[in-house]
K.L.:
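The structure's right below; bear with me while I get my questions together.
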Amino acid sequence: MNPKLLSDQLGLLLDVLETGSFSAASRRHPLTPSAVARRIDSLENALGSQLFIRSTHAVRATPAGLAFAERARRVVAELRLARAEAASLSDAPEGLIRVDAPAAFGRRHLAPVIADFLVVYPGLDVQLHLIDSFVDMQGSNLGKVDLVLRAGQMADTRLVATPLASMVRIACASPAYLKRRGAPTHPRELSEHDGLDWEGLAPPFAWRFELDGQLQSYRPQRIRMSANNAEALVCGALAGLGIAHLPTWLISEYLLRGELLPLFCEKGLPKPETTGIYALRLEQQASSRSRLLLEYLKVRFSPVPPWDLALQSDLGWQ
């Protein structure tokens, strides 16, 4: 099979698994829901195994589908990298790529990936500028950089946004706090607890939980500490001051070590937010160097980000 066709077919499978429906997956491709269903049927026939259980409301992966999807993710990632590397070797890319990114995300996740990228492409250089603001686009250096990484809703119509990673937010607290105050079993019980919250403009999905198919807002009544920086809220949570509601890219390492405990995750990871982490550029900025780095970041951060895969594997979540 043509490598690109294989990548597209497996990518479609992963989109159906992630979104839970043929309709939602079709919106990511120039396909109708019925065309998506036919392609999944064709893939199942070729494998001789049922990958999904269909119902009128959702599409759910079978155990065989989940096992196949894990291998499909690795195959898709390798195919994308292979295509990107083949293109780079033919053109011998050289030059500087300037990247602006949030400090916390940059230190934890972006800098290690860029280091790997530069090993693969010795002719390229990256100037990485880490800043404290994660959402605010005002005053950014868009004219002076090639790529800007941001999270959340994108309001600036001047920008071309490339999705890099989904974002999941979890309520969490330290073992000491939960031992002292008890663990809430439902988000509505948050009002009985101390919390750590954003000062000023909070992310749109902070303290919102999906219940009965709808997003509902619940938050602690007493805020022991507020800050305009997510890492400061992590410090407060680790110190046992209260419950925080933070993205997994920020807290996965503490969850894996047991320094923070997840709340309301009996069924596994919550659904990703409708917004995520994006690479932004001005429409006229589309150098081959930038496109090469974009492709590399997409492979490393999607379809399921590595920090969420680690949580799924080590904590037994799906």
K.L.:
Using a 4.5 Å cut-off between side-chain heavy atoms of Ile, Leu, Val, Met, Phe, Trp and Tyr, which other residues end up in the same hydrophobic cluster as Leu309?
P.N.:
Val304
K.L.:
Minimum heavy-atom separation for Leu246 to Ala244, with atom names?
P.N.:
CD1-CB, 3.7 Å
K.L.:
I want to check something: taking the side chain as every heavy atom from C-beta on, are Ser302 and Leu297 in contact at a cut-off of under 4.5 Å?
P.N.:
no
K.L.:
Could you point out which residue of Leu293, Asp125, Leu294 forms a side chain to side chain contact (heavy atoms under 4.5 Å, CB included) with Ile97?
P.N.:
Leu293
K.L.:
For residues Ile243 and Pro220, report the shortest heavy-atom separation together with the two atoms involved.
P.N.:
O-CG, 4.4 Å
K.L.:
List the atom of Ser174, the atom of Ala237, and the distance in Å for their closest heavy-atom pair.
P.N.:
CB-O, 3.3 Å
K.L.:
Would you say Leu241 and Asp194 make side-chain contact, with heavy atoms under 4.5 Å?
P.N.:
no
K.L.:
Shortest non-hydrogen contact from Pro93 to Tyr121?
P.N.:
CG-CD2, 4.4 Å
K.L.:
In terms of hydrophobic clusters joined by side-chain contacts under 4.5 Å, are Leu47 and Leu17 together?
P.N.:
yes
K.L.:
Can you confirm whether Leu13 sits close enough to Phe52 that some side-chain heavy atom of one is under 4.5 Å from a side-chain heavy atom of the other?
P.N.:
yes
K.L.:
Show me the donor-acceptor pairs, under 3.5 Å and distance only, between side chains in residues 163-170 and residues at least two apart or in other chains.
P.N.:
residue, atom, partner, partner atom, Å
Arg169, NE, Glu273, OE2, 2.8
Arg169, NH2, Glu273, OE2, 3.3

K.L.:
Tell me which pairs pass side-chain hydrogen bond (donor to acceptor under 3.5 Å, both in side chains) where either residue lies in residues 253-263, with sequence neighbours left out.
P.N.:
Arg108-Glu253, Arg108-Tyr254, Arg257-Glu259
K.L.:
For Phe301, run the ring-ring contact (aromatic ring centres under 6.0 Å, His included) check against Trp249, Phe105, Tyr296 and tell me which one passes.
P.N.:
Phe105
K.L.:
Donor-acceptor pairs under 3.5 angstrom involving side-chain atoms of residues 196-204: please list them, not counting sequence neighbours.
P.N.:
residue, atom, partner, partner atom, Å
Asp197, OD1, Trp207, NE1, 2.9
Asp197, OD2, Arg219, NH1, 2.6

K.L.:
Look only at the side chain of Ser42 and the backbone of Arg39, and say whether a donor-acceptor pair between them is shorter than 3.5 Å.
P.N.:
no
K.L.:
According to ring pair (Phe, Tyr, Trp, His ring centres under 6.0 Å), who are the partners of Phe209, at least two apart in sequence or on a separate chain?
P.N.:
His245, Phe264
K.L.:
Mind jotting down which residue pairs meet the side-chain hydrogen bond (donor to acceptor under 3.5 Å, both in side chains) criterion with at least one end in residues 111-120? Sequence neighbours excluded, please.
P.N.:
Asp116-Arg300
K.L.:
What do the steps show when you test Asp146 against Arg289 for salt bridge (charged side-chain N to carboxylate O under 4.0 Å, His left out), and what is the final call?
P.N.:
CA-CA 9 Å; Asp146 299 292; Arg289 299 187 300 273; 5.2 Å; no
K.L.:
Does the Glu94 side chain pair with the main chain of Gly123, one donor and one acceptor, at a distance under 3.5 Å?
P.N.:
no
K.L.:
Measure the spacing between CD of Glu70 and CG of Leu14 and express it to the nearest 0.5 Å.
P.N.:
9.0 Å
